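Structure, as structure tokens:
Please read all numbers here as calculations on a predicted model, not as lab measurements. Labels below follow one simple rule: chain letters A, B, ... track the order of the sequence lines, proteins then strands, and each chain is numbered from 1.
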Protein chains: 2
Amino acid sequence: MNEEQWLKELLKFNEEDGKWSEKQIKILEAAIEMFAEKGYAATSTSEIAKRAGVAEGTIFRHYKTKKDLLLAIVMPTLFQSVAPFLAKEFAKEVFENQYEHYEDFVRAVWKNRYEFVKKYLPAIRVFWQEIAFHDEIKKQFETIFKTHVYEKFKKIIEHFQEKGEIVELPVESVIRLTITTIAGFFAARFMIMPDYEWDDDAEMERTIQFLMNGLAKK
Amino acid sequence: MNEEQWLKELLKFNEEDGKWSEKQIKILEAAIEMFAEKGYAATSTSEIAKRAGVAEGTIFRHYKTKKDLLLAIVMPTLFQSVAPFLAKEFAKEVFENQYEHYEDFVRAVWKNRYEFVKKYLPAIRVFWQEIAFHDEIKKQFETIFKTHVYEKFKKIIEHFQEKGEIVELPVESVIRLTITTIAGFFAARFMIMPDYEWDDDAEMERTIQFLMNGLAKK
DNA sequence: ATTTCAAGTGAGTACTCACTCATTATTGTT
DNA sequence: AACAATAATGAGTGAGTACTCACTTGAAAT
């Protein structure tokens, strides 16, 4: 997949205007790279323009402010981050026994998000760095998480608790333990120790086994 | 504990010079607060001076550059973050059966680090934000982790694996799973959802049970 | 061929940044 | 009280900041 393709894919939820000029994409690419490397506040618009091979004014033709440019990166990343839970078919896939066990569900989510993280890593870096400092982003995230991710996740867990497959802890705790176990791997694998020699498949097996044992009903 | 006290405690590993003037402490306090709120790059030295009730020049009398000020916050926090593993008595406590089970060890670490995180939260925020952008910090962290934390952790895990208490996964995986499970709680509790109504003791119980089941030998 | 117009430019603008330094205030010593 | 040494000050500095705007370009529409 070429450089432009993945970016267009990340942005495709916003297809309403659809028409991304070449320079606009170059600007986004440069901004993502530099924000990921040095952070939003430490990156100047003149540097972005230089790396994008564009005049500084061109940035402000497409994005009213520097912050608008940040949001144009961060918001699509936010939506893609929780994409599986936003899909309509998603809940059905679970309840119509496409996933017979909680483990099947976890494996599906894992693989899906693994591909996502590998593909969009720089944008995800920017997202997680800047969510700490920008309230609009944090609030958007909270809203999406509560109304989409949490609600669906809850039903899925209650489903498998009723089936007697997983332990009868509070749903919130099961969600948290599931997410931190999966996200903990991604954080270690891609953020904290990206240069360590990982055997991704083996580590996935170990982690999922650990998670299933931890949540097993005794 | 008053405001100055906790800061002095955080800094005490660096007792060689020991003499912290009142203004110097005020500057550090203000810097920690503001770096935690808006980030290092987005905070100006003039703002720090104002909040500290000090002239801007005074900052540069005590810290040669703005980055020196950052390091004066971040390095002590780095050391304190892994403090239990740096203590000489630490390994003894484990091997001389002061901790009979891996669970006892995990509980001890949990409680110790829980107090630490509660106390120094803003400094820890700054540390985790800025480690992503400053190579010196990241390298220091890696060195300390490899030579102190990892080595001791490894021996402890091998000890309990030989006792047949925990599963025979690669040590690296057991360390990672243990840390991400504990750190995952702290991240959710203090960083991502600090306003949620947590029952800390109950959640600790659930999390440790989850961890021990996940790592149990079958 | 002429008009139209969005896309692109880059020098210019007002302002902020980290850092300096001559001057003043405070403290300790005799 | 006189002096020395140190600490603190804040106006000043030049480099850099996000953003503007009068202008150019090129391609499509008439």
Rounded to whole angstrom units, what separation is found between the [atom1] atom of [X] and the [atom2] atom of [N]?
X	N	atom1	atom2	result
A/I48	C/dG10	CD1	P	17 Å
B/K26	D/dA8	NZ	P	14 Å
B/I27	D/dT9	CD1	C1'	12 Å
A/Y63	C/dG8	OH	C1'	15 Å
B/M34	C/dC17	CE	P	10 Å
B/K23	C/dT27	NZ	C1'	14 Å
A/K50	C/dT9	NZ	P	15 Å

Face-on cation placement of A/R189 at A/F186 ring, 6.0 Å and 45° thresholds: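 No, cation not above the ring by the 6.0 Å, 45° rule.
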Side chains of residues 35-42 of chain A: which donor-acceptor pairs under 3.5 Å do they make with residues two or more places apart or in other chains?
unit_1, atom_1, unit_2, atom_2, d
A/K38, NZ, A/A42, O, 3.4
A/K38, NZ, A/E47, OE1, 3.4
A/K38, NZ, A/E47, OE2, 2.9
A/Y40, OH, A/K67, N, 3.2

Contact under 4.0 Å: B/H62 side-chain N or O vs D/dA7 OP1/OP2: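 No.
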Residue pairs fulfilling salt bridge (charged side-chain N to carboxylate O under 4.0 Å, His left out) with at least one residue in residues 75-93 of chain A, sequence neighbours excluded: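 Listed by first then second residue: nothing to list.
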Closest-nucleotide ordering on DNA chain D, the 5'-leading residue of A/K64 and A/A42: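 Going by which nucleotide is closer to the 5' end, it is A/A42.
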Which residues share a salt bridge (charged side-chain N to carboxylate O under 4.0 Å, His left out) with A/E203, sequence neighbours left out: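 By the salt bridge (charged side-chain N to carboxylate O under 4.0 Å, His left out) rule, A/E203 matches A/R206, B/R176.
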NZ-CD1 distance between A/K66 and A/I59, expressed to the nearest 0.5 angstrom: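 Spacing of NZ (A/K66) from CD1 (A/I59) equals 10.0 Å.
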Interface with DNA chain C, restricted to residues 53-61 of chain A and to heavy atoms under 4.0 Å: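 Those residues whose heavy atoms fall under 4.0 Å from DNA chain C, taken from residues 53-61 of chain A in numerical order, are A/V54, A/A55, A/G57, A/T58, A/R61.
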Shortest non-hydrogen contact from A/P84 toward A/N112: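 For A/P84 versus A/N112, the nearest heavy atoms are CG-OD1, 3.7 Å.
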Basic-acidic side-chain contact under 4.0 Å: A/R107, A/E205: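 Result for this pair is yes, salt bridge flagged.
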All ring-ring contact (aromatic ring centres under 6.0 Å, His included) counterparts of B/H148, not counting sequence neighbours: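 Partners of B/H148 under the ring-ring contact (aromatic ring centres under 6.0 Å, His included) test: none.
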Close N/O contacts between protein and nucleotides 13-16 of chain C (under 3.5 Å):
none

Worked verdict on A/K146 versus A/E151 for salt bridge (Lys or Arg N to Asp or Glu O under 4.0 Å): CA-CA 7 Å; A/K146 263 182 219 159; A/E151 285 305 325; over 6 Å; no
